[in-house]
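Per chain, numbering begins at 1; letters A, B, ... match sequence-line order.
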Amino acid sequence: MTQEILLNSPEDNEIVKQRKDKLLRLKTEENYDPFVNETWPREITLAEIRNQFDNLQPEQEDQNAVLKTAGRIMTIRRQGKAAFADLADETSRIQLYFQLNAVGEKNYDFLKKWVDTGDWIGIVGHPCRTRRGELTIFVNEFKLLTKAIRPLPEKWHGLTDTETRYRQRYLDLIANPDVREIFKQRSQIISSFRNTLAQHNTLEVETPVLSTIASGANARPFKTFHNALNIEMYLRIALELHLKRLVVGMMGRVYELGRNFRNEGIDTMHNPEFTMMEVYWPYADYNDMMTLAEELIKNAAQSIGKNIIEWNDMQIDLNQPFEKISMLEAVKKYAGVDFTQVNDDEQARNIAREHNLGAELKGNESRFAVLNMFFENFCEEKLIKPTFLTGHPVEISPLSKRDPDNPDYTHRFELFMFGKEVANAFSELNDPIDQRARFEDQMRKKEAGDEEAQSLDEDFINAIEAGLPPTGGMGIGIDRVVMFLTGARSIRDVILFPTMKPKI
RNA sequence: GAAUCGCUAGCUCAGUCGGUAGAGCACCGGACUUUUAAUCCGGGUGUCGGGGGUUCAAGUCCCCCGCGAUUCACCA
């Protein structure tokens, strides 16, 4: 089969056809294959060049500096016997100046004939600054490293179509340096989390993604199947139960930063797979976790150089200490209902009906469930400044220790920012008898049709029976933290390849 | 799950009352040794998301479907 036949595809648009044809001619006419190159001795990045030669004056050049660099040709402006191009790498973008006299006629012809926007090119040159003040690499040698046969998105408007941006993220990343910046910041934030946890002598561990019981959170799991074992398995919905087993196993302070999978709807705050950091400290409680949460988030913000963060037209000053409010206080403050005075379930439901929550009631809710309903409906969105919400009822907290002074409530907090939850933490329930009872309560809910109630994990109970020390634990939604610190409005803007429905 | 908006050239978009599919950039050919959204001359490259219907005639009107965005609902 000839190469022409291999090259042609009926779906190709005009530009791709031309580029494929050009590639073939480059191979036959010049005996040059742009896909055989393996290395290029890049000695300096474009950002480093910008830094080092910032003081160069217009029309000045530094012939002694030898710059070996590389990147992708973003635009090219040919003008007869000279040409300007914009070269971009992962750090920056800089102008190239090619002169026939400097590179020689043969090489200059090669440039004119064979080099296109999108191509990767290796450069040897020296810095100069044009009369208009643009820092430029005066090219002495170059090598075409790889050809692009597909055209880049438009240079001025870039790529804005959200669907293409998410489906073909590589094009988004090429066309929109801001997007690259968000993902660099995501990486810095995650590094910051790891650094902060390392400073607290917390060991990073890895636990199974695949398991036969998905528990530790209220969510529907993804099912999958293991062929050799001939069993149905689930993708994890939380890290919690395995990490607590490790504390039982005397691993000390542990954390995992990993992917969770929840089989739920997709919107601007939820992606089916998302990244969670969970940490467990023996001999600590939920108050210690509050201190840690605040430190983690403030350090993360600092790692990307931010003290004040903005999200959806709201602003938070991270120089301020985080606030604290109990669920009872919040509901009293924002909904005007004092649930400390409500001791009867039917009374609670009546109050809910008075507040137009009747449609949400099934009729069997406890006063604790109603309290939570009030919080979600009237308070959650008001918690703009970072605020620790405490005092969750036991009923909605199957893994938290009870408040000894108030056994219907727990030693738990959720951290809210911009009206959204970013962290969930508690003094871990370590009473195996109570834990079994809580799971059984969840099982009853599940049997009653609550698909998100937690499953009873016998081995986990077994672990607790072996003795879980007093432990403080916390989960932080990394994607949300990244959204809030970078200002990204949608979770899809902080996940490189968000879950998408196949197009056909 | 519902509502709204969107889907036209590689990209960003226009397309009137239903009457021969357009622009800018990109791309192709030519000129040009300091341009930078280079400029100048010439060239339009298309399954108008898919299917059906109405009509002499559909990018445009109607119906169904797909994908996406946003809001709401659901959900942590």
Side-chain angles (χ1 to χ4, degrees), chain A residues 10-19 21-22 58-59 61 74-87 93-103 105 108 112-113 116-118 128-136 138 148-168 171-172 174-176 216-220 237-238 260 262-272 274 276 312 359-360 372 375-376 380 392 396-397 414 416 420-424 450-452 454 475 477 479-480 489-490 492-493 498-504:
Chain A
E11 293 89 49
D12 287 346
N13 64 52
E14 191 62 28
I15 297 174
V16 173
K17 278 180 193 152
Q18 282 166 4
R19 290 284 181 94
D21 181 57
K22 191 173 199 172
E59 296 195 78
E61 60 182 329
M74 301 304 287
T75 67
I76 190 160
R77 299 176 288 282
R78 291 172 235 255
Q79 347 179 82
K81 295 185 175 65
F84 292 89
D86 286 351
L87 184 73
R93 187 166 164 144
I94 204 164
Q95 179 169 262
L96 302 177
Y97 182 40
F98 297 85
Q99 251 186 25
L100 186 145
N101 295 350
V103 297
E105 193 170 348
Y108 191 80
K112 258 174 83 172
K113 227 172 152 176
D116 296 302
T117 58
C128 63
R129 197 179 282 281
T130 64
R131 98 171 48 125
R132 295 224 188 147
E134 178 88 20
L135 185 63
T136 298
F138 188 99
I149 61 172
R150 205 164 273 285
L152 259 34
E154 202 242 2
K155 63 181 171 186
W156 190 242
H157 299 93
L159 181 69
T160 60
D161 180 66
T162 45
E163 190 169 353
T164 311
R165 287 186 47 228
Y166 297 149
R167 287 187 194 279
Q168 293 173 254
L171 295 180
D172 186 30
I174 291 168
N176 301 314
N218 298 78
R220 292 160 67 178
I237 57 174
N260 281 348
R262 296 189 184 174
N263 210 337
E264 291 161 1
I266 298 177
D267 60 33
T268 50
M269 297 304 293
H270 300 85
N271 195 63
F274 62 100
M276 181 84 111
N312 274 11
E360 294 185 30
N372 187 47
F375 174 75
E376 288 178 352
E380 190 167 343
H392 299 66
I396 59 165
S397 313
E414 289 176 296
F416 287 85
K420 307 280 183 186
E421 182 200 341
V422 294
N424 184 19
D450 181 355
E451 287 188 88
E452 294 177 351
Q454 302 206 18
D479 309 277
R480 288 191 180 181
R489 293 197 168 213
S490 168
R492 287 174 223 106
D493 292 325
T499 305
M500 301 287 277
K501 211 165 171 177
K503 200 154 186 184
I504 297 166

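Between the P atoms of B:A69 and B:G30, the separation comes to 44 Å (whole Å).
Every side-chain contact (heavy atoms from CB on, under 4.5 Å) that A:E264 has, sequence neighbours left out, goes to A:A219, A:R262, A:E452. Shown here are the side-chain hydrogen bond (donor to acceptor under 3.5 Å, both in side chains) partners of A:Y166, two or more places apart in sequence or in another chain: A:D493. Under the rule for a salt bridge (Lys or Arg N to Asp or Glu O under 4.0 Å), A:K155 has no partner lying at least two apart in sequence or in another chain. Residues meeting the side-chain contact (heavy atoms from CB on, under 4.5 Å) test with A:T499, sequence neighbours left out: A:I266, A:N271, A:P272, A:E273. Qualifying salt bridge (Lys or Arg N to Asp or Glu O under 4.0 Å) partners for A:R150, counting only residues two or more places apart in sequence or in other chains: none. With sequence neighbours excluded, no residue satisfies salt bridge (Lys or Arg N to Asp or Glu O under 4.0 Å) with A:R78. Taking A:T268 as the reference, nothing meets the side-chain hydrogen bond (donor to acceptor under 3.5 Å, both in side chains) condition, with sequence neighbours excluded. Residues satisfying the ring pair (Phe, Tyr, Trp, His ring centres under 6.0 Å) test with A:F84, not counting sequence neighbours, are A:Y97. In terms of the salt bridge (Lys or Arg N to Asp or Glu O under 4.0 Å) criterion, residue partners of A:K22 (sequence neighbours excluded) are, by chain and number, A:D116.
With a cut-off of 3.5 Å on both Watson-Crick or G-U wobble distances, the partner of B:A37 is given as none. Both distances falling under 3.5 Å, in either a Watson-Crick or a G-U wobble arrangement, place B:U71 opposite B:A2. Pairing for B:C13 goes to B:G22, judged as Watson-Crick or G-U wobble with the two contacts each under 3.5 Å. Using Watson-Crick or G-U wobble geometry with both donor-acceptor distances under 3.5 Å, B:A57 finds no partner in any strand shown.
A:M269 comes within 4.0 angstrom of nothing in the nucleic acid, heavy atoms only. Contacts of A:T162 with the nucleic acid, taken as non-hydrogen atoms under 4.0 Å apart, involve only primed sugar atoms and P, OP1 or OP2. At the heavy-atom level, A:E414 lies under 4.0 Å from base atoms of the strands shown. Note on A:Y97: a base of the nucleic acid sits closer than 4.0 angstrom, heavy atoms only. Counting non-hydrogen atoms under 4.0 angstrom, A:G158 reaches the backbone sugars and phosphates but no base.
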Sub-3.5 Å pairs of nitrogen or oxygen atoms, protein against nucleotides 21-26 of chain B:
| unit_1 | atom_1 | unit_2 | atom_2 | d |
| --- | --- | --- | --- | --- |
| B:C25 | O2' | A:E154 | OE2 | 3.0 |
| B:A26 | OP1 | A:K155 | NZ | 2.7 |

Could I get a table of every N or O pair under 3.5 Å where one atom is in the protein and the other is in nucleotides 3-6 of chain B?
none

Pick out the pairs of N or O atoms, protein on one side and nucleotides 30-32 of chain B on the other, that lie under 3.5 Å.
| unit_1 | atom_1 | unit_2 | atom_2 | d |
| --- | --- | --- | --- | --- |
| B:C32 | N3 | A:R78 | O | 3.4 |
| B:C32 | N3 | A:G80 | N | 3.3 |
| B:C32 | N4 | A:G80 | N | 3.2 |

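Between A:F274 and A:R129, the residue anchored nearer the 5' end of RNA chain B, judged by the nucleotide with its closest heavy atom, is A:R129.
Residues A:P58 and A:R129 have side chains in contact (heavy-atom distance under 4.5 Å, counting atoms from C-beta outward).
Of the candidate nucleotides B:A73, B:U34, B:U36, B:U34 has the atom nearest to the side chain of A:F84. Side-chain atoms of A:E14 lie closest to B:U45 of the nucleotides B:G10, B:C67, B:U45. Nearest nucleotide to the side chain of A:Q18, out of B:U45, B:C28, B:U34: B:C28. The side chain of A:R131 has B:U34 as its nearest neighbour among B:C13, B:U34, B:C67.
OP1 or OP2 of B:U35 has not a single side-chain nitrogen or oxygen of A:T130 nearer than 4.0 Å. Contact annotation: A:R132 reaches the phosphate of B:U36 (side-chain N/O to OP1 or OP2, under 4.0 Å). Residue A:R77 places no side-chain N or O under 4.0 Å from the OP1 or OP2 atom of B:U34.
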